[in-house]
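Written below as structure tokens is the structure these notes are about.
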Amino acid sequence: MGAALRRIQLGSALSAFGLGFTVPYLYVYVAQVRDLGAGTAGVVLAVFAMAALAVLPFTGRAIDRRGPLPVLVVASAVASLGAVALGLSSGVTASVLSAAVLGAGTAVMQPALATMLVWCSSTATRTRAFAMQFFLQNLGLGIGGLVGGQIVDTDRPETFTLLFLIEAVMFVVLGVIASTVRLSRAPSFSDARPTDGSKAPGGLRVLLSHRAMVQLCVLGFVLFFACYGQFESGLAAYGTEAAGVQPSTLGIALAANTAVIVVAQFVVLRFVERRRRSRVIASVGLIWAFAWIVAGYAGLGHGSQTMATAAMISTYALFGLGESMLSPTVAPLVADLAPESMVGQYNSAFALCKQLALAVGPAVGGPMGATLHGPYIVTFVLFSLGITALALRLGRRLTPVQDQPSLEAVPSRVVAVSLPDAEPSSTEAAAAR
């Protein structure tokens, strides 16, 4: 990694470390520590997610016009302010408003960081750059959660205030580190962009006309709906209600998920780099379908409690294996599909689909996981198989280098992106060179 990329990765890891201090304890903090009740805690969590939906449609254009660096610095400052305010809030209104500010700031960070990674990597190195970011973020979240768990005390609100202050400091550190990065549109950035001097127009209409990107957004929604949107809602409810596992076991299962990601990430990367992205994503769908079948055995197999517990932990571990395969494939593919003038908008559009899935997933999966145990498992086995079908269909719309970047053995000025359907002439002209 170059110096700029190392700094970006460090800042990203530290911000994840800060988030790890508060994310696992937000519900407990609002509902029990501040004694605002479960209803208010649910509203705070919903506002945290909805704030992201409100700001992401405008984030991409700001990144493309101003650059990702100033957007990231402003977002980190906003998130830091929201974290401090939430840590000091004791009333309903203050907690809800603080959660909105914190949610908006953290949401904008995602596409800004992703665009900075794109600017500092090439088509050939982008896979490893995003894999490293995913690895460091999960490591930061895990360590932050473990350290935060040693600090919190539900009888002492000031311990939770300390967690939010630490989180705020980490956001400030991210902004400071980012401000020291010097970005330029280097040749490594332009190797996957139009080279005939043309400039792709921006806007939602252009993005929607790009069929490969639209298919990837649909695929991304299903991915996050069927996995991340169920971790702390439907799957947790299913585990406790149908499988009868203890709440503490869910913590062990989440730890197993993180452990698999941390241990397997770079082993999996060696496997992924030389294979087609679409087929890797398709295989994730099959792995997750098997994970849901294992979860079905935990709750519906009528085995011993020990077997049910082991099955639930295995389910989370299998999800982690799939996640480690997605990190070096999906995010770099978004970047390789984007025209130069719309990298921020493409990253923001994909982040918006992710956030929609994270908002809809718990609303659908939570009630089903708690009461409709059989239909819940069948539904998400089918969604997982749908991932496989959507990935294979997407592969037919990708260029060979987009689907398998390792085919690009040496730097080339041949276009390696699929431009929106509205401008096929740019691709043909570049390919003719």
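Among all heavy-atom pairs drawn from Ala178 and Val73, the shortest one is CB-CG2, 4.5 Å.
Gln230 and Tyr238 form no side-chain donor-acceptor contact under 3.5 Å, judged by distance and modelled atom types alone. Side-chain atoms of Gln345 and Asp64 form a donor-acceptor pair, as typed in the model, at a separation below 3.5 Å. Between the side chains of Glu273 and Thr127, not a single donor N or O lies within less than 3.5 Å of an accepting N or O. Inspection of the Ser348 and Thr59 side chains reveals no N or O donor paired with an N or O acceptor under 3.5 Å.
Here the straight-line distance linking atom CG of Leu102 with atom CZ of Phe164 works out to 7.5 Å at 0.5 Å rounding. Atoms CD and CG, on Gln32 and Asp155 in that order, are 10.0 Å from each other to the nearest 0.5 Å. Remark: Met342 CE to Ile63 CD1 distance equals 12.5 Å, nearest 0.5 Å. Within the model, atoms CD1 of Ile252 and CE of Met312 stand 12.0 Å from one another, a figure rounded to the nearest 0.5 Å. Taken from CG in Leu318 to CD1 in Ile293, the straight-line distance is 10.5 Å, to the nearest 0.5 Å. Between the CD1 atom in Ile387 and the CG atom in Leu382 there is a gap of 11.5 Å [rounded to 0.5 Å].
Counting only heavy atoms from C-beta outward, the side chains of Val92 and Val43 never approach each other to under 4.5 Å. Counting heavy atoms from C-beta outward, Phe130 and Pro328 have side chains that stay 4.5 Å or more apart. In this structure the side chain of Leu86 reaches within 4.5 angstrom of the side chain of Leu26, judged on heavy atoms. In this structure, the side chains of Leu235 and Tyr316 come closer than 4.5 Å at one or more pairs of heavy atoms. A heavy-atom distance below 4.5 Å is not found between the side chains of Leu398 and Asp336. Annotation: side chain of Leu286 is in contact with side chain of Leu385 (closest heavy-atom distance under 4.5 Å). Side-chain contact between Leu333 and Leu394 is present, with heavy atoms from C-beta onward closer than 4.5 Å. Side-chain contact between Val267 and Phe271 is absent, with no heavy-atom pair separated by less than 4.5 Å.
Within 6.0 Å of atom CZ in Arg276, 12 or fewer heavy atoms from other residues, nucleotides or ligands are found, so the atom counts as exposed in its surroundings. Summarising the local packing, CZ of Arg275 is surrounded by more than 12 heavy atoms from other residues, nucleotides or ligands at distances under 6.0 Å.
Phe21 and Phe17 have perpendicular rings, their planes meeting at more than 60° on a 0 to 90° scale where under 30° would count as parallel. Ring planes of Phe350 and Phe224: perpendicular class, angle over 60° (limits at 30 and 60°).
Using modelled atom types, one side-chain atom of Thr329 and one backbone atom of Leu326 make a donor-acceptor pair closer than 3.5 Å. A distance-only check finds no donor-acceptor pair linking the side chain of Arg34 to the backbone of Gly91 [under 3.5 Å]. In terms of modelled atom types and a separation under 3.5 Å, the side chain of Ser80 and the main chain of Ser76 share no donor-acceptor contact. Looking at Gln9, its side chain never comes within 3.5 Å of a backbone N or O of Met132 through a donor-acceptor pair. Between the side chain of Asn347 and the backbone N or O of Ala335, no donor-acceptor pair lies under 3.5 Å. Between the side chain of Ser12 and the backbone N or O of Gln133 there is no donor-acceptor pair closer than 3.5 Å. A distance-only check finds a donor-acceptor pair linking the side chain of Thr159 to the backbone of Asp153 [under 3.5 Å]. Remark: the backbone N or O of Thr399 is paired with a side-chain donor or acceptor of Gln402 at under 3.5 angstrom.
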**OP:** Please test Arg156 against Val33 for side-chain contact (heavy atoms from CB on, under 4.5 Å), starting from the C-alpha separation and ending with a verdict.
**Re:** CA-CA 8 Å; Arg156 298 170 58 205; Val33 177; over 6 Å; no

Subject >> Verdict with supporting geometry, Phe225 and Val364, side-chain contact (heavy atoms from CB on, under 4.5 Å) >> reply: CA-CA 9 Å; Phe225 177 78; Val364 174; 4.1 Å; yes

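Under the side-chain contact (heavy atoms from CB on, under 4.5 Å) criterion, Tyr297 pairs with Met307, Ala311, not counting sequence neighbours. Applying the salt bridge (charged side-chain N to carboxylate O under 4.0 Å, His left out) criterion to Arg7, with sequence neighbours excluded, gives no partner residue. Under the salt bridge (charged side-chain N to carboxylate O under 4.0 Å, His left out) criterion, Arg65 pairs with no residue, sequence neighbours left out. Partners of Trp292 according to the ring pair (Phe, Tyr, Trp, His ring centres under 6.0 Å) rule, which considers only residues two or more places apart in sequence or in another chain, are Phe319, Tyr376, Phe380. Phe135 meets the ring pair (Phe, Tyr, Trp, His ring centres under 6.0 Å) test with Phe266; sequence neighbours excluded.
Sorted by first and then second residue, the side chain to side chain donor-acceptor pair (under 3.5 Å) pairs with a member in residues 259-271 read Gln265-Ser327; sequence neighbours excluded.
Each of Thr258, Asn257, Asn138 was scored for a side chain to side chain donor-acceptor pair (under 3.5 Å) with Glu323, with one residue passing: Asn257. Applying side-chain contact (heavy atoms from CB on, under 4.5 Å) to Phe48 and the options Thr106, Val96, Val101 leaves one that passes, Thr106.
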